Amino acid sequence: MNHDSYSDAYISGILDEVKTVAMIGASANNVRPSYFVLKYLLAKGYEVWPINPGQAGKEILGQTVHASLDELPDVPDMIDIFRNSDAAGQIVDKVLESGRLPKVIWMQLTVRHDEAAKRAEAAGIKVVMNRCPKIEYGRLSGEIGWAGVNSRTLSSKRPTLKAGFQHRGLSGDKSG
């Protein structure tokens with residue numbers, strides 16, 4: 001996998017397939033990127049499990065915060081890592097050792113660990129690095145263009161409106 005460039009089909013395939021997201025490094029501070037990514041993913045119909053040992057047992061946006069991946073009710077479809085690159089490598093190794101493998105490991109903007117990505121991919125896990133699912137979802141759905149940002153997607157076709165406030169989906173229903 002070339003982690004310098006992802007096809008739109010690869011990213012949209014992940015965003016369409018995933019239903020549950022474990023967010024490592026979730027913050028209760030409403031000006032932190034992890035807070036508004038968590039809020040955005042919840043609004044798009046994903047089930048998000050925040051992970052932050054310092055906030056364990058509390059709630060962020062109505063979601064119970066867990067201390068670690070081991071405390072989650074199930075194996076998440078995707079692990080979204082809001083930690084630095086070195087920590088991301090350690091997280092990937094712990095995931096692989098646990099045997100509780102997600103479909104996807106997603107490393108946020110500026111987070112990249114090529115060796116960990118190779119190990120995860122060897123175990124059958126899709127990997128995305130140095131990208132944000134909120135930005136990618138908005139870009140691929142066209143809603144990022146509402147703010148005047150060039151989404152690199154040009155179409156005369158109107159996106160299908162889904163239920164909820166300004167909710168436009170990538171494809172199909174995320175609830176089922």
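Because the structure is predicted, anything quoted here is derived from the model rather than measured. Start at 1 with the first residue, then count along the sequence.
- Under the 4.5 Å side-chain criterion, counting only non-hydrogen atoms from C-beta, Arg119 is in contact with Leu96.
- The heavy-atom pair separating Ser34 from Met23 by the smallest distance is O-SD, 3.4 Å.
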Checklist entry - Step by step, would you call Asp77 with Val104 a side chain to side chain contact (heavy atoms under 4.5 Å, CB included)? => result CA-CA 6 Å; Asp77 294 330; Val104 180; over 6 Å; no

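- Here the CG atom belonging to Asp114 is positioned 9.0 Å from the OG atom belonging to Ser85, to the nearest 0.5 angstrom.
- Residue Arg100 places its CZ atom among more than 12 non-hydrogen atoms of other residues, nucleotides or ligands, all under 6.0 Å distant.
- For the atom pair Asn30 CG and Ile60 CD1, the distance stands at 11.0 Å (nearest 0.5 Å).
- Across all non-hydrogen atoms, the minimal contact from Ala26 to Pro50 is CB-CB, 3.6 Å.
- We find the CG-CG distance between Leu140 and Asp8 to be 5.0 Å, quoted to the nearest 0.5 Å.
- In summary, Glu136 and Arg139 engage in a salt bridge, as defined by a charged side-chain N under 4.0 Å from a carboxylate O.
- Linking ILVMFWY residues whenever their side-chain heavy atoms come closer than 4.5 Å, directly or via other members, leaves Val95 and Val75 in distinct clusters.
- Nearest heavy atom pair, residue Val111 against residue Ala88, reads CG1-CB, 3.7 Å.
- Under the side chain to side chain donor-acceptor pair (under 3.5 Å) rule, His3 has a single partner from His113, Lys118, Glu121, which is Glu121.
- One N or O on the side chain of Asn130 and one on the backbone of Thr110 form a donor-acceptor pair closer than 3.5 Å.
- No donor-acceptor distance shorter than 3.5 angstrom exists from the side chain of Tyr6 to the backbone of Met1, with no hydrogens or angles considered.
- The heavy-atom pair separating Tyr46 from Val18 by the smallest distance is CE2-O, 3.2 Å.
- Under the side chain to side chain contact (heavy atoms under 4.5 Å, CB included) rule, Ile105 has a single partner from Ile81, Asp80, Ile24, which is Ile81.
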Item to check | Check against side chain to side chain contact (heavy atoms under 4.5 Å, CB included), Tyr10 and Val128 | outcome: CA-CA 9 Å; Tyr10 181 74; Val128 176; 3.8 Å; yes

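- Looking at Ile125 and Ile79, their side chains never come closer than 4.5 Å, going by heavy atoms from C-beta outward.
- When side chains are defined from C-beta on, Tyr137 does not count as touching Pro133, because their heavy atoms never get closer than 4.5 Å.
- Residues Ala120 and Val92 approach most closely at CB-CG1, 4.0 Å, considering heavy atoms.
- For Arg83, the CZ atom sits in a loose shell: 12 or fewer heavy atoms of surrounding residues, nucleotides or ligands are nearer than 6.0 Å.
- Both Tyr40 and Leu42 sit in one connected hydrophobic cluster of ILVMFWY residues. Membership requires side-chain heavy atoms under 4.5 Å apart, directly or through other members.
- If you take CG on Asp86 and CD1 on Ile91, they are separated by 11.0 Å, rounding to the nearest 0.5 Å.
- Although no hydrogens or angles enter the test, the distance criterion places no donor-acceptor pair under 3.5 Å between the side chain of Asn52 and the main chain of Ser27.
- Under the 4.5 Å side-chain heavy-atom criterion for Ile, Leu, Val, Met, Phe, Trp and Tyr, Val21 and Phe36 are members of distinct hydrophobic clusters.
- Rounding to the nearest 0.5 Å gives a distance of 4.0 Å between CH2 of Trp106 and CD1 of Ile11.
- By the rule that hydrophobic residues join a cluster once side-chain heavy atoms approach within less than 4.5 Å of another member, Met78 and Leu61 end up as members of one cluster.
- With Tyr35 as the aromatic partner, Lys39 does not meet the cation-pi criteria of under 6.0 angstrom to the ring centre and within 45 degrees of the ring axis.
- Taking the side chain as every heavy atom from C-beta outward, Gln108 and Val37 approach each other to under 4.5 Å.
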Checklist entry - Which is it for Asp4 and Arg112 under the salt bridge (Lys or Arg N to Asp or Glu O under 4.0 Å) test, yes or no, and what are the steps along the way? => result CA-CA 10 Å; Asp4 293 320; Arg112 184 172 179 133; 3.0 Å; yes

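- Considering only heavy atoms from C-beta on, Trp49 comes within 4.5 Å of Asp74 through its side chain.
- By the rule that hydrophobic residues join a cluster once side-chain heavy atoms approach within less than 4.5 Å of another member, Leu72 and Leu38 end up as members of one cluster.
- Note that CD of Glu47 and OG1 of Thr20 are 6.5 Å apart. Values are rounded to the nearest 0.5 Å.
- A pairwise comparison of heavy atoms in Asp16 and Lys19 identifies O-NZ, 4.2 Å as the closest pair.
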Item to check | Audit row: Ile14, Lys126, side chain to side chain contact (heavy atoms under 4.5 Å, CB included) steps and yes/no | outcome: CA-CA 8 Å; Ile14 287 170; Lys126 293 179 183 177; 3.9 Å; yes

